[in-house]
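Letters go in sequence order (proteins before strands), and every chain restarts at 1.
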Amino acid sequence: MENSEIARIFHEIADLLEVKGDNPFRVRSYRNAALVVEGLPESLRTMAQKGAEGLMHIPGIGEGIREKILEMTRTGRCAFHDGLLKEVPQGILGILKVSGVGPRKAAVFFKELGITDVEGLEKAAKAQRLRTLTGFGEKSEERILKAIKDLRSMSGRANLGAAMQYAGAFQDYLKKIPGVTDCIPAGSLRRWKDSIGDIDILAACDEKAAAVMDGFAAYPDVRHVVSRGETKSTVMLNAGLQVDIRVIEKKSFGAALQYFTGSKAHNIALRDRAKRMGLKISEYGVFKEKSGAWAAGETEEDVYRSVGLPWIPPELRENRGEIEAAEEGRLPEMLDVKDIRGDLHVHTNESDGACSLEEMADGAIERGYAYMAVTDHSKAVGIAHGLDEKRVLAQIKRIDEFNEKLKKRGRKFTVLKGAEVDIRADGSLDHPDSVLDKLDCVLAAVHSGFSMSMSDMTERILKGIRSGKINILAHPTGRLISSREPYAVDMEKVMDEARKYGVALELNSYPDRLDLNDTHLALAREKGVPVVISTDAHSLRHFDNILYGVHTARRGWLEKKDVLNTRPLKELMKLLKRK
DNA sequence: GCCGTTTTCGGCCCGACTGTTTTCAGTCG
């Protein structure tokens, strides 16, 4: 059982306990454990091989949950979870996804009306049966029907790229409303999380907040207003994306930004820390607990300073040890997009790119890069018009000629000869060694046969690494955030072997990929496996995606030294020498 | 169920909005 599945079970246990009306702090323990497990770089499967001893010292995991992890990694089941499902029908978990319906209401619907799933809830609301319950009326039914409609129109979480665009447009609109002095997207967007549940926007204003709220609700792309208050409102966009806005006075802006950026787990830990110091943190500021006197709040720096910490970059705020690291002066030196000196995954119109080699090179030069690797597909990827041996040789010749031309013109820019060679189902590479040996930078990647077993897929990729012919493993898990699960692969084994063979792992910056993800990157850093941040550009504008890659790397605590393409060309070329 | 400058019991972040009810519980972030 993998970490993601174990985390899912803990989330479900938390939901089921809540519907049962169990101790809310016990519920929180399971929810917290789920988050901790999700953020764990190493797999519990591996850690549990040493028994309970291997699972000690994971914050938030105590004896009870440790036992359940052991059980799940050994048997693939959790008896406690199975037992809960006998008491509470699984369909009720779906009801909890309906906005405005939580565990208490779901329990009432189940006990009083025998409702066990969303369809049943919809029927009951339409038949006006909910209003027969105490505490529910006509409006409750309306809200629930609307929320069910919204739920169905949402395609789960939005990818970061799309969410950024929606948020940017909304932000521009809000800034033009009179009285708004500042406006910034917060939430998981500001933390550059790879998928976004909703957009959170914080606005500071010097006049009546009500005017801002009017403007907010009047945004042309709004489908309907979900809730509307003095300082806080929620709307649903036509695209099925929810947007929350919070309006706050300038003197509280830092505290509000800190609060609204999250993550929830980070905030709880920070507020807990404040409490132990005799302080209280809310979105309005930091206050002395006894006297209620205002202590800080205008900037985020002030808020963190008030609890004895340096400012913590948003990407790190997941309660994954950043507060302890901040306290001990161990926060990573954050990578900057300016540190990136070149792109090592670029396609041209020889395969499925939109632009020529020359056009892509111009684009890279314009960004201030020192180098770029042309890495078109190999023939197995027919749909991308992959190159055969003959075409690769022709491309090599063209690149040599192009580099000569650049040199003559005095340009300090080099195009590396590369390929994105397919790792076939049997682990062999899709170009002969004679071709690979002529290239500067060989990427290898899986493009088909995703449904293999974990052991087969791992072996397939290990064979590619052991060929000694590749430099970089591209998009190592193959996930597409909104449409395809990662294939099953033992990433720890892949990383160990990659380190042995001097193969780097790619962080693909495409917002739908972001592959490796943040926790894998943390593992790579721990294991000392070098990472390359690339865009997989198929057109000029794709170069911009490097921003998503860099911020994802920051989420994985990667520093400049951990990333190969922060090195100057000469140093890079030495590192790309294959064994 | 977790955790300890409040250490093995007794706490556990904090506030806005909604609907239905007259003072608040439930939900959300």
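For A:Phe216 and A:Phe170, the gap between ring centers is short of 6.0 Å. Taking the ring centroids of A:Phe136 and A:Phe109, they lie under the 6.0 Å cut-off.
Between B:dG15 and B:dT22, the distance separating the two C1' atoms is 22 Å to the nearest Å. Straight-line distance between the C1' atoms of B:dT21 and B:dC17: roughly 16 Å, to the nearest whole Å. Distance noted for atom P between B:dA16 and B:dG11: 26 Å (whole Å). Nucleotides B:dT18 and B:dT23 have their C1' atoms positioned 15 Å apart, rounded to a whole Å. Rounded to whole Å, the P atom of B:dC14 lies 23 Å from the corresponding atom of B:dT8. Here the separation of B:dG19 from B:dC13, taken at their P atoms, is 28 Å to the nearest Å. Comparing the same atom, P, in B:dT5 and in B:dG1 gives a spacing of 23 Å after rounding to whole Å. Straight-line distance between the P atoms of B:dC2 and B:dT6: roughly 22 Å, to the nearest whole Å.
Across all strands, A:Lys264 comes closer than 4.0 Å to base atoms (heavy-atom distances). A:Gln242 comes within 4.0 angstrom of the backbone, heavy atoms only, and of no base. Across all strands, A:Phe136 comes closer than 4.0 Å only to sugar-phosphate atoms, never to a base (heavy-atom distances). A:Asp244 comes within 4.0 angstrom of the backbone, heavy atoms only, and of no base. Residue contacts shown for A:Glu138 are limited to sugar-phosphate atoms, with no base heavy atom under 4.0 Å away. Contacts of A:Val98 with the nucleic acid, taken as non-hydrogen atoms under 4.0 Å apart, involve only primed sugar atoms and P, OP1 or OP2. A:Thr234 comes within 4.0 angstrom of no nucleic acid atom, judged by non-hydrogen atoms across all strands. Heavy atoms of A:Val101 sit under 4.0 angstrom from primed sugar atoms or phosphate atoms, though from no base atom. A:Pro24 comes within 4.0 angstrom of nothing in the nucleic acid, heavy atoms only. Here A:Arg28 lies in heavy-atom contact (under 4.0 Å) with a base. Across all strands shown, A:Ile281 has heavy atoms under 4.0 Å from sugar-phosphate atoms exclusively, and none from any base.
A:Glu87 approaches A:Phe110 most closely through the heavy-atom pair O-CE2, 4.1 Å. Of all non-hydrogen atoms in A:Cys78 and A:Ile13, the two that sit nearest each other are SG-CD1, 4.2 Å. Closest non-hydrogen pair, A:Gln171 versus A:Ile201, comes out as N-CD1, 4.4 Å. In this structure, A:Ile248 and A:Glu283 approach most closely via the heavy-atom pair CD1-O, 4.0 Å.
For A:Thr231, the listed nucleotide lying nearest its side chain is B:dA16; candidates were B:dC2, B:dA16, B:dG29. Closest to the A:Lys232 side chain, of the nucleotides B:dT20, B:dC17, B:dC2, is B:dC17. Relative to the side chain of A:Ser227, the nucleotides B:dA16, B:dT18, B:dC13 differ in distance, and B:dT18 lies closest. Checking B:dC13, B:dA16, B:dC14 against the side-chain heavy atoms of A:Lys280 singles out B:dC14 as nearest. Listed candidates were B:dT20, B:dG29, B:dG1. Nearest to the side chain of A:Ser140 is B:dT20.
Across the protein-nucleic acid pair, A:Met213 atom CE and B:dT18 atom P stand 10 Å apart, rounded to whole Å. When rounded to the nearest whole Å, the span between CZ of A:Phe287 and P of B:dG15 equals 8 Å. Going from atom CZ of A:Arg246 over to atom C1' of B:dC28 covers 12 Å, rounded to whole Å. Following rounding to the nearest Å, A:Gln258 (CD) and B:dC13 (P) show an atom-to-atom distance of 15 Å. Going from atom CZ of A:Arg104 over to atom P of B:dA25 covers 10 Å, rounded to whole Å. Remark: C1' of B:dC17 and CZ of A:Arg143 are 8 Å apart, rounded to the nearest angstrom. Atom pair A:Leu130:CG and B:dT20:P shows a separation of 11 Å (rounding to whole Å applied). Atom NZ in A:Lys105 sits about 13 Å away from atom C1' in B:dC24, given to the nearest Å.
Taking side-chain N and O atoms only, A:Tyr284 has a distance below 4.0 Å to OP1 or OP2 of B:dA16. Dashed line: the shortest gap from a side-chain N or O of A:Arg26 to OP1 or OP2 of B:dG1 is under 4.0 Å. For A:Ser282 and B:dA16, the shortest distance from a side-chain N or O to OP1 or OP2 is not below 4.0 Å. A:Lys275 has no side-chain polar atom (N or O) that falls below the 4.0 Å cut-off from OP1 or OP2 of B:dG11.
Mapping A:Glu230 and A:Gly102 onto DNA chain B by nearest heavy atom places A:Glu230 at the nucleotide closer to the 5' end.
Look at B:dT8: it lacks any Watson-Crick or wobble partner with both distances under 3.5 angstrom.
Under 4.0 Å is where a charged nitrogen must lie from a carboxylate oxygen, and between A:Asp518 and A:Arg320 at least one such pair does.
For a distance-only test at 3.5 Å, the side chain of A:Tyr259 qualifies as a donor-acceptor partner of the base of B:dG29. A donor and an acceptor atom never sit less than 3.5 Å apart when one is taken from the side chain of A:Asn267 and the other from the base of B:dG29.
If you run salt bridge (Lys or Arg N to Asp or Glu O under 4.0 Å) between A:Asp194 and each of A:Arg513, A:Arg555, A:Arg479, only A:Arg479 comes through.
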